[in-house]
Amino acid sequence: MQGRSVYREGGVQCAVMTSHYISRFAPSPSGPLHFGSLLAAVAGWLDAQASGGLWLLRIEDIDPPREAPGAKEGILHTLLAHGLNWDGETLLQSSRDAAYGAALDHLAAADMVFRCTCTRQDLRAHGGVYPGTCRHQGMAPLPEGTPHALRVRVPDGEAARIRFEDRLRGSFEFDLAAEQGDFVIRRKDGLWAYQLAVVVDDAEQGITDVVRGVDLLDSTPRQIHLQHLLGLPTPRYLHLPILVDRRGDKLSKQAGAKGLDLADPRTNLARTLAWLDLPADPRAAVDSQLQRALAAYRPQNLPPGPIHLC
Ligand code: GLU
Ligand code: ZN
């Protein structure tokens, strides 16, 4: 799919492809949207409109124990209340089990995955870098019922270096082996890991541009590694500023950030636009606020953050 604009020729309306841009907003339905998620949605929506592209919605509901009842419906309702309309059908990760399984089969056929029985305790001493303990195990069966995660191999040496360009923040280079090591793609509880699901679904939805919070910057090299192994394209990346509380911690549902008050979407939107250094007027309707912000929006002028909520 491509961005569309419409022109008239001989009285017939024709669609021409003007840009190739598809991005997505991908919230996890673990609770209501808060100001941090609204900021990502507003900036993502503006970036898609400014590019003449599509802005898709994907609900990342692969972690049922962390889901709040009604959260999905609440997210859709909250986006619409703030004038943030998305394009096309909403993709639910809970419906994508077969696709994640096929990706796993592909990785296993290339001998790029192994079963890992390490406990959190085993890994604690290694500062977040997997020490390779179970690498030799490959996919050989374990005794029935042995709890284990699946990890993808990360090569050593030059092959572990992942480079990418962020549209706001410039060039990055990560040594995946030294900084993270082999990482989990299916958890011990049998649930798919975010890293695998996000890569498979970004490809499924034809995402050309990932626009998300800078808190996910250190996931990007893992996702690029998986894209390489699965033969999938690497999108462009733009990592947005995040909102932090008084202590400097990222606003998050886990840390108890309050859901947005839907009684006053105009004020919510105006606050968010002001954080993004865009024109904001809480008296104006949400659609006109968004149009004014769109006229002023330049991705390279986004503040890098972090942005203090109070
Ligand atoms: N579901 C993730 C979150 O809510 C976002 C994933 C992404 O944008 O890549 O933090
Ligand atoms: Zn292990």
Side-chain angles (χ1 to χ4, degrees), residues 22-34 36-41 43-45 47-48 55-63 66-68 71-72 75 79 90-94 96 113-126 129-140 142 146-154 181-188 191-205 207 209-224 226-227 234-240 242-243 250-255 257:
I22 305 175
S23 70
R24 81 300 192 278
F25 180 55
S28 311
S30 49
L33 291 187
H34 49 72
S37 27
L38 183 63
L39 183 134
W45 185 93
D47 198 61
W55 189 62
L56 308 184
L57 180 61
R58 177 166 81 227
I59 302 291
E60 302 214 318
D61 53 350
I62 40 168
D63 194 350
R66 280 191 43 212
E67 266 147 47
K72 186 189 117 192
I75 289 170
L79 290 173
T90 303
L91 185 68
L92 298 181
Q93 288 197 321
S94 55
R96 300 273 300 146
V113 259
F114 62 88
R115 299 185 202 271
C116 167
T117 52
C118 296
T119 62
R120 213 163 276 193
Q121 177 100 24
D122 295 333
L123 299 177
R124 193 163 300 149
H126 301 275
V129 182
Y130 185 68
T133 322
C134 307
R135 277 187 138 189
H136 65 278
Q137 166 73 26
M139 287 300 275
L142 295 166
T146 309
H148 64 278
L150 298 178
R151 286 182 188 266
V152 68
R153 296 183 198 279
V154 167
D182 309 325
F183 58 91
V184 172
I185 56 168
R186 204 181 69 195
R187 296 165 17 176
K188 237 183 207 173
L191 296 176
W192 297 108
Y194 156 69
Q195 307 294 353
L196 182 77
V198 78
V199 162
V200 171
D201 289 344
D202 281 343
E204 166 72 16
Q205 292 187 291
I207 300 303
D209 286 79
V210 168
V211 180
R212 63 182 172 199
V214 70
D215 55 308
L216 290 167
L217 186 78
D218 78 343
S219 287
T220 299
R222 279 175 277 185
Q223 294 172 14
I224 293 175
L226 283 173
Q227 289 154 6
T234 293
R236 289 180 289 257
Y237 288 96
L238 193 171
H239 287 92
L240 298 164
I242 51 164
L243 277 183
K250 182 198 167 223
L251 232 59
S252 72
K253 292 159 205 164
Q254 296 93 298

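For this chain, numbers begin at 1 and follow the sequence in order. Counting starts at 1 for both ligands and their atoms, in listed order.
- Using modelled atom types and a 3.5 Å distance limit, the side chains of H239 and T220 yield a donor-acceptor pair.
- Proximity of a side-chain donor or acceptor of R151 to a complementary backbone N or O of D182 within less than 3.5 Å is detected.
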T133/D122 under side-chain contact (heavy atoms from CB on, under 4.5 Å): CA gap, chis, key distance, verdict: CA-CA 9 Å; T133 322; D122 295 333; over 6 Å; no

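- Using a distance-only test at 3.5 Å, with no hydrogens or angles considered, no donor-acceptor pair links the side chain of H126 to the main chain of R124.
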Decide yes or no on salt bridge (charged side-chain N to carboxylate O under 4.0 Å, His left out) for K72 and D61, but give the supporting numbers first. CA-CA 9 Å; K72 186 189 117 192; D61 53 350; over 6 Å; no

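- Side chain of Q137 to backbone of A140: a donor-acceptor contact under 3.5 angstrom is found.
- In summary, the side chains of S219 and R212 do not present any donor paired with an acceptor at a separation below 3.5 Å, with no hydrogens or angles considered.
- Residues R24 and D209 are not paired through a salt bridge, judged by the lack of any N-O separation under 4.0 Å between the basic side chain and the carboxylate.
- A heavy-atom cutoff of 4.0 Å around ligand 1 is satisfied by the protein residues R24, A26, P27, S28, E60, Y194, V198, R212, L216.
- Around the Zn ion (ligand 2), the protein contributes the following N, O or S atoms at distances under 2.8 Å: C116 SG, C118 SG, Y130 OH, C134 SG.
- No side-chain donor-acceptor contact under 3.5 Å links Q93 and Y194.
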